[in-house]
Amino acid sequence: MAQLSDDCFAFGGPMMSVDEAVSIIAARVTAVRDIETVSLTAADGRILAKDISAPLPLPPFTNSAVDGYAVRSGDLAQVEEQAFPVAGRVQAGASAQGPVEPGHAVRIFTGAPMPQGADTVFMQEDVRLDQGKVVLPAGLKPGANVRPAGEDIPAGHSALAAGQRLRPQDVALAAAFGLTHVEVRRRIRVAVFSTGNELVSPGASRGAAQLFDSNRFMLMAMLVRLGCEVSDLGILRDDRVSLASALKSAAGTLDLILTTGGVSTGEEDHVKDAVESVGTLVLWRMAIKPGRPVAMGIIGGTPFIGLPGNPVASFVTFVHVVRPTVLALAGATQQHLIPMPVRAAFSYKKKIARREYVRVNLRRGENGVLEAVKFPREGAGLLSSLVDTDGLVELGEEITQVEPGQTVGFLGYASLI
Ligand code: AMP
Ligand code: MG
């Protein structure tokens, strides 16, 4: 379990920017230490625990990049085509029979090792055969169509850094090095509760004034995508005492406790009091919309995050507070979200000094330029606004107004988790 000090999340300012939130989390949260060894087939999405340097060059030997004819560049005339006798044939996986004779060509195939002495390959499409000889055009550069050993990655080069969240291409690189296993940090364990008397679980019978709990399933799905081991701790009633005991008993064995709902200042918002009775708590008032205060705390050394109940606020604050916390706890390098420039097809007014996220769909506008079309309604409770859109337009703190045609930054949902 990651142990954090009680004042880990304390923050001085009245309003916190999103960037401040991420930097506080990255600086103060310590990563889990345990390391496990996993096979390459189980490595995708795991966090690399140790740097990997290239144990061999890639490619491991100099080889042909095309199907064609290998020659010594010194034998080539500058201006006229030349006919070379073909002596030898080398295919992928075979070793060359011997050095290429001066003035001769060797038939060669993609991936086959270059015969000794040969340094240039003519593509088969560029030559013709004439009476058993291959006719080579003039003007090919020495070294053409050859992949020198180590041109991709030289031996000893640091190829994958600890903290990397492994992607399929990273797994491919480990395989190309001949590794069968990699050392990764253990998955972090996260418990998720929903809070609210109005909530029932899907499958249970729903009273007239109740709704099915949706946030818990959204949050669990996002945590799984981030590589967490998730414990579903169900729905807690709006009651300080039962909330406090549930939080306390979850704290001992987990790396993070996440709740949704009950963190505003209403009389029936009991999460803050409950956390204070068993641990310490600070409210992060973040300059972000949608999103209300996010509760951050420590219960018995375990970090706690309380997200707002409205689904869209819950989603957006997850991305900006839970995601960096999970990455830090998991030992992953922080992955900064880089919005993609698109053209706004909407107008929008916003407050200065607050970051806002607008739910949008992308479409191809004039000249094929990508345009962001705003979802017509804005409520933070509208699940359809997340389901029926492609992503979020991020409007920075300094912006007060958006006009159609202006360039704005787009974050696709897939890039957020
Ligand atoms: P709260 O943050 O508890 O004040 O809740 C704000 C709004 O979000 C209320 O309308 C709640 O009914 C709704 N809400 C809270 N938790 C959930 C949840 N787990 N799933 C769906 N809606 C929720
Ligand atoms: Mg509530």
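Start at 1 and go down the list; that is how both ligands and their atoms are numbered.
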For this session: Examine the side chains of S73 and D119 and answer whether a donor and an acceptor come within less than 3.5 Å of each other.
Result: yes
Exercise. Judged by modelled atom types alone, do S385 and R359 share a side-chain donor-acceptor pair under 3.5 Å?
Worked result: yes
Exercise. Do E183 and K50 meet the salt-bridge criterion of a basic N to acidic O distance under 4.0 Å?
Worked result: yes
Problem set entry | Test side-chain hydrogen bond (donor to acceptor under 3.5 Å, both in side chains) applied to R128 - qualifying residues, sequence neighbours left out | E81
For this session: Output all residues satisfying salt bridge (Lys or Arg N to Asp or Glu O under 4.0 Å) with D19, sequence neighbours left out; order by chain, then residue number.
Result: R355
Exercise. Pairs in or reaching into residues 307-333: which pass ring-ring contact (aromatic ring centres under 6.0 Å, His included), with residues at least two apart or in two chains?
Worked result: F315-Y413, H320-Y357
For this session: Report all protein residues having a heavy-atom distance below 4.0 Å to some atom of ligand 1; order the list by chain, then number.
Result: S194, E198, L199, L211, D213, S214, N215, G261, G262, S264, D269, R292, G309, N310
